[in-house]
Amino acid sequence: MEGSKKAAVMKRLEKYNMTRFQTSVLRATLDIPKGEVRTYKQIAAKIGHPKAYRAVGSALKENPLAPTIPCHRVVKSSGELGNYSGRGGKKGKRRLLEIEGYIIKKNR
DNA sequence: CAACACAAAGTAG
DNA sequence: CTACTTTGTGTTG
């Protein structure tokens with residue numbers, strides 16, 4: 001059953017005036033399996049812009065389907081969380097990752 | 001042109 | 001390790 005939730009989300013994206021870059025970033029982010037994380041660099045590479053990791057961040061930050069797209073699963077290459085526009089900022093991001101099963105360091 | 005949810009390599013301590 | 005600098009990229013203002 002969870003085969004095609006992505007298609008439904010992508011359909012919604014079509015209503016927004018987003019650039020190809022943003023749509024590609026959101027698609028790649030949406031493709032992240034539960035309990036896993038992706039780096040900005042991996043997302044950029046996946047969409048064909050291996051050096052635009054910075055642009056990836058800009059795209060995610062404006063992400064129109066915020067909680068629908070797992071933007072909290074995107075972290076820095078160093079394994080750190082990085083920033084987050086959602087609720088609670090980085091704190092909420094880390095919290096979501098813990099709930100999903102991603103290993104987090106103890107000390108909050 | 002400046003700034004940004006980053007990355008990597010460089011210099012300095 | 002911390003801290004700063006420079007280069008690179010796409011979007012936004």
(request) Evaluate the side-chain proximity of A:Ser77 to A:Tyr40: yes if any heavy-atom separation is below 4.5 Å, no if none is. (result) no
(request) Using whole Å, report how far CD1 of A:Ile43 lies from P of B:dA7. (result) 12 Å
(request) Report yes or no: does A:Arg38 contribute a side-chain atom to a donor-acceptor pair with the main-chain N or O of A:Val74 at less than 3.5 Å? (result) no
(message) Whether the side chain of A:Lys90 engages the backbone of A:Gly82 through a donor-acceptor N/O pair (distance < 3.5 Å, no angle test) should be reported.
(response) no
Please write out the pairs of protein N or O atoms and N or O atoms of nucleotides 10-13 of chain C separated by less than 3.5 Å, giving the distance to one decimal.
| residue | atom | partner | partner atom | Å |
| --- | --- | --- | --- | --- |
| C:dG10 | OP1 | A:His49 | ND1 | 3.0 |
| C:dG10 | N2 | A:Ser58 | OG | 2.7 |
| C:dT11 | OP1 | A:Thr19 | OG1 | 3.3 |
| C:dT11 | O3' | A:Gln22 | OE1 | 3.3 |
| C:dT12 | OP1 | A:Gln22 | OE1 | 3.1 |

(request) Enumerate, in order of first residue number, the stems that involve DNA chain C, defined as 3 or more consecutive Watson-Crick or G-U wobble pairs with both distances under 3.5 Å. (result) B:1-4 with C:10-13, B:6-13 with C:1-8
Return the polar atom pairs (N/O with N/O) between nucleotides 1-6 of chain C and the protein under 3.5 Å, or none.
none

(request) Look at all strands and tell whether A:Ser77 reaches a base, only sugar-phosphate, or nothing, counting heavy atoms closer than 4.0 Å. (result) sugar-phosphate
(request) Kindly give the heavy-atom pair with the smallest separation between A:Ala52 and A:Ala44, and that separation in Å. (result) C-CB, 4.0 Å
(message) To check you understand the geometry: which heavy-atom pair defines the closest contact between A:Lys93 and A:Leu81, and what is its length?
(response) NZ-O, 2.8 Å
(request) Measure from OH on A:Tyr84 to C1' on B:dC6 and round the result to the nearest Å. (result) 18 Å
(message) Please give me the minimum heavy-atom distance between A:His72 and A:Glu100, naming the atom from each residue.
(response) NE2-OE2, 3.2 Å
(message) Can you list, in residue-number order, the parts of residues 30-39 of chain A that come under 4.0 Å of DNA chain C, counting heavy atoms only?
(response) none
(message) What is the separation between atom CG on A:Leu81 and atom C1' on B:dC6, rounded to the nearest whole Å?
(response) 14 Å
(request) Examine C:dG8: is either OP1 or OP2 under 4.0 Å from a nitrogen or oxygen in the side chain of A:Lys51? Give yes or no. (result) no
(message) Going by the rule salt bridge (charged side-chain N to carboxylate O under 4.0 Å, His left out), which residues pair with A:Lys6 if we only count those two or more places apart in sequence or in a different chain?
(response) A:Asp31
(message) Hydrophobic clusters here meaning ILVMFWY residues chained together by side-chain heavy-atom distances under 4.5 Å, can you tell me if A:Leu96 and A:Val37 are in one?
(response) no
Using distance only, find each side-chain donor-acceptor pair of residues 13-29 of chain A under 3.5 Å and give its atom names and separation, not counting sequence neighbours.
| residue | atom | partner | partner atom | Å |
| --- | --- | --- | --- | --- |
| A:Thr19 | OG1 | A:Gln22 | N | 3.3 |
| A:Thr23 | OG1 | A:Thr19 | O | 3.0 |
| A:Ser24 | OG | A:Arg20 | O | 2.7 |
| A:Thr29 | OG1 | A:Val25 | O | 2.8 |

(request) Could you tell me the separation between the CG atom of A:Leu60 and the CZ atom of A:Arg73, rounded to the nearest 0.5 Å? (result) 13.0 Å
(request) Consider only side-chain heavy atoms of I, L, V, M, F, W and Y, link residues closer than 4.5 Å, and tell whether A:Leu65 and A:Tyr84 are in one cluster. (result) no
(request) Measure the spacing between SG of A:Cys71 and CG of A:Asn63 and express it to the nearest 0.5 Å. (result) 5.0 Å
(message) Do A:Ile69 and A:Ile47 sit in one hydrophobic cluster, given that two such residues count as connected whenever their side-chain heavy atoms are within less than 4.5 Å of each other, even indirectly?
(response) yes
